[in-house]
Amino acid sequence: MILDINPNQVGEGELTEEEQIYKENILDHYKNPHNFGSIDTATFRYKEFNPLCGDQIEIFLELDQSNKVKDVKFKGNGCAISQAAISMLTDSIKNKNIQELKKIKDEDVLTMLGIPIGIVRIKCALLGLKALHKSLEEFSDE
Amino acid sequence: MLNNKLSLNLEKIRKDFVILNQKVHGHRLVYLDNASTSQKPIQVIEAINNYYQEYNANVHRGIYELSEKSTHQYELAHRKVAVFIGASFEEIIFTRGTTESINLLAYSLGQNLKPGDEIVLTQMEHHSNIVPWQEIAKRQSAQIKYIPITSEGELDLDAAKKIITDKTKIVSVAHVSNVLGTINPVKEIGQIAHNHNALFIVDGAQSVPNMAINVKEINCDFLAFSGHKMIGPTGIGVLYGKKDLLEKMSPFLYGGDMIREVSFQNSSWNCLPWKFEAGTPNIVGGIGLGIAIDYLKQIGMKEIEDYEKEITAYALKRLQTIEDLVIYGPKDPEKRIATISFNVKGIHAHDLATILDREGIAVRGGHHCAMPLMNLLGITASARASFYFYNTFEDVDALIEGIKKAKKVFKL
């Protein structure tokens with residue numbers, strides 16, 4: 001035996017099924033992301049970087065005349081968490097108006113993912129939302 | 001059984017590194033991020049404690065027992081570092097770390113650069129040996145050139161001979177790459193630099209912790225390294241410089257302790273090394289680094305180097321058995337240290353690091369502060385496992401099992 005067990009462990013012990021990050025639907029979105037691609041005629045576009053790893057996401061938004069999301073696409077590469085988050089996020093914003101997009105909170109994305117995200121990986125999870133919100137910065141309500 | 005080819009007394013060593021003796025997520029902690037920062041033995045932690053509990057006082061100022069003791073210990077630490085790398089006492093400047101050491105050089109040497117002068121770096125530098133030079137180059141209208149790397153992840157020496165010319169004033173090179181693990185032929189590069197009267201700087205952040213280093217043998221003009229990567233505290237680092245060069249250089253930071261005489265109009269500088277240590281220094285960090293060096297010397301740097309070669313060979317051999325795993329850098333253990341970057345096809349380095357963490361294994365996932373090199377390799381991130389002398393062959397096995405588990409999770 002190399003080591004004794006230290007009562008002041010850092011981790012919480014074996015992970016339960018619920019605590020596993022890489023659930024089936026996360027991996028599905030990672031391997032087959034929804035809304036992947038680009039829109040040449042995008043109304044707004046923005047590229048955001050994750051300085052932690054250099055990952056990047058570029059988001060393309062096309063709005064209709066009433067400023068609702070007609071189409072959305074994203075490009076970039078990253079880890080399963082960032083890719084699944086942007087894949088789910090883009091699914092959820094179609095037909096929403098700009099005010100609604102601006103109101104999306106960090107917690108909404110974390111709820112969509114439905115997995116425990118630690119302090120280090122939260123930047124990955126929120127990279128897509130950050131890109132979305134930055135893309136809207138030029139838009140003013142008159 | 002702790003080790004197949006036991007050249008170090010690992011059982012005894014691991015008892016000194018109390019932090020390793022814990023469980024993370026229900027698994028034995030396997031710490032493999034030593035290229036980022038190393039763990040500290042109880043001897044270093046106790047030295048820090050003793051300083052604060054028994055003789056905390058400022059150095060070079062108080063005429064009383066406590067200050068005499070702290071001054072003595074702080075200066076002794078400089079001597080220990082000097083002996084450790086084959087330098088003399090005046091040539092050892094304590095800084096915050098490698099980054100500050102290189103900034104000191106960039107600012108102090110940089111002001112002598114003229115438009116058209118050239119600084120030569122390599123394609124495998126850490127950001128800390130690129131960004132300070134970029135800033136100085138902008139200010140002085142100097143040029144930066146990079147020695148390219150081969151497909152094997154080694155420096156192209158033939159190219160270096162063409163890139164370093166009489167226009168070159170400074171050559172600054174990593175002794176060991178923090179991504180590829182490559183050991184660079186610094187002696188040869190130094191010779192080329194000196195043939196053209198350029199100053200030769202070695203970034204020793206990844207070499208000094210793992211190899212026996214002698215600045216006379218390398219014949220570098222400057223050597224920068226960090227205490228925290230060699231079982232010392234954070235916030236303490238070293239700049240070695242040849243005495244005659246340091247004497248000619250102007251200070252980097254100005255203020256207390258670095259002066260000889262100050263009037264309202266003018267000041268003159270203290271003797272070496274204090275000319276470069278302005279303000280109250282990291283006293284306890286310096287003392288802790290001194291104890292860390294005592295510890296390393298007790299084991300022996302040659303012994304550490306030999307043991308790490310064995311663990312490198314074993315890790316490379318086992319990693320290469322995993323399908324769809326790409327290793328960056330030399331495959332020959334003689335040409336590298338035990339810092340191994342790799343990617344598994346279909347798993348992002350971040351995800352791999354997260355899954356390994358759930359198995360109690362700490363590795364780095366990311367760009368390792370070497371984005372230009374990562375671009376060159378055509379990747380944005382890699383996983384990196386870096387071993388130190390307290391790691392065991394069982395740690396390698398744990399890593400291999402962890403990677404296999406990750407592939408299973410990702411259904412690869």
Side-chain angles (χ1 to χ4, degrees), chain A residues 1-33 47-58 75-86 113 115-125 127, chain B residues 1-3 10-11 14-15 17-31 127 346-355 357-362 364-375 379-383 390-395 398 405-406 408-412:
Chain A
M1 192 56 204
I2 302 166
L3 303 160
D4 299 312
I5 296 170
N6 186 328
N8 305 312
Q9 330 181 325
V10 170
E12 319 78 46
E14 290 282 1
L15 298 164
T16 64
E17 198 70 20
E18 293 303 297
E19 289 170 327
Q20 291 295 350
I21 286 187
Y22 298 98
K23 289 182 178 171
E24 198 75 30
N25 69 324
I26 300 286
L27 290 175
D28 282 348
H29 276 278
Y30 174 55
K31 290 184 174 174
N32 301 299
K47 197 193 243 182
E48 184 63 33
F49 291 86
N50 181 354
L52 183 67
C53 56
D55 285 351
Q56 44 181 282
I57 283 179
E58 185 167 16
K75 252 185 0 189
N77 51 54
C79 58
I81 307 299
S82 71
Q83 298 295 293
I86 183 75
L113 283 168
I115 49 170
I117 299 282
I119 187 162
V120 182
R121 299 299 301 275
I122 199 145
K123 282 201 177 90
C124 311
L127 186 63
Chain B
M1 190 194 70
L2 259 176
N3 211 321
L10 284 197
E11 207 146 355
R14 287 179 70 91
K15 280 200 182 115
F17 291 82
V18 181
I19 197 169
L20 298 175
N21 184 9
Q22 67 177 298
K23 294 211 162 194
V24 173
H25 297 304
H27 298 274
R28 176 175 79 87
L29 168 63
V30 176
Y31 184 78
H127 293 165
I347 311 179
H348 188 280
H350 265 182
D351 297 321
L352 183 58
T354 293
I355 293 172
D357 170 56
R358 302 293 164 125
E359 300 295 310
I361 304 162
R364 177 92 178 257
H367 55 58
H368 319 297
C369 299
M371 286 170 95
L373 173 61
M374 301 303 272
N375 278 333
I379 52 177
T380 51
S382 80
Y390 43 67
N391 285 118
T392 62
F393 280 45
E394 280 80 356
D395 291 347
K405 168 115 189 225
K408 225 154 103 189
V409 170
F410 271 69
K411 301 189 172 59
L412 294 169

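So you know, we letter chains A, B, ... as the sequences are listed, proteins then strands, and number each from 1. The figures here come from the full heavy-atom set of this structure, side chains too, leaving out hydrogens, waters and symmetry mates.
A salt bridge links B/D395 with B/R28; the closest basic N to acidic carboxylate O contact falls under 4.0 Å.
Side-chain contact between A/I81 and A/K123 is absent, with no heavy atoms from C-beta onward closer than 4.5 Å.
Nearest heavy atoms, B/F410 versus B/D351: CZ-CB, 3.7 Å.
Heavy-atom pairs under 4.5 Å with chain A peak, among B/T354, B/I355, B/D357, at B/T354. Interface remark: of the candidates A/K31, A/Q83, A/R121, A/R121 forms the most heavy-atom pairs closer than 4.5 Å to chain B.
Of the atoms belonging to B/K15, not a single heavy atom falls under 4.5 Å from chain A. Looking at A/L27, only its side chain comes within 4.5 Å of chain B, counting heavy atoms on both sides.
Note: B/H127 and B/H367 have tilted aromatic rings, judged against thresholds of 30 and 60 degrees for the angle between ring planes.
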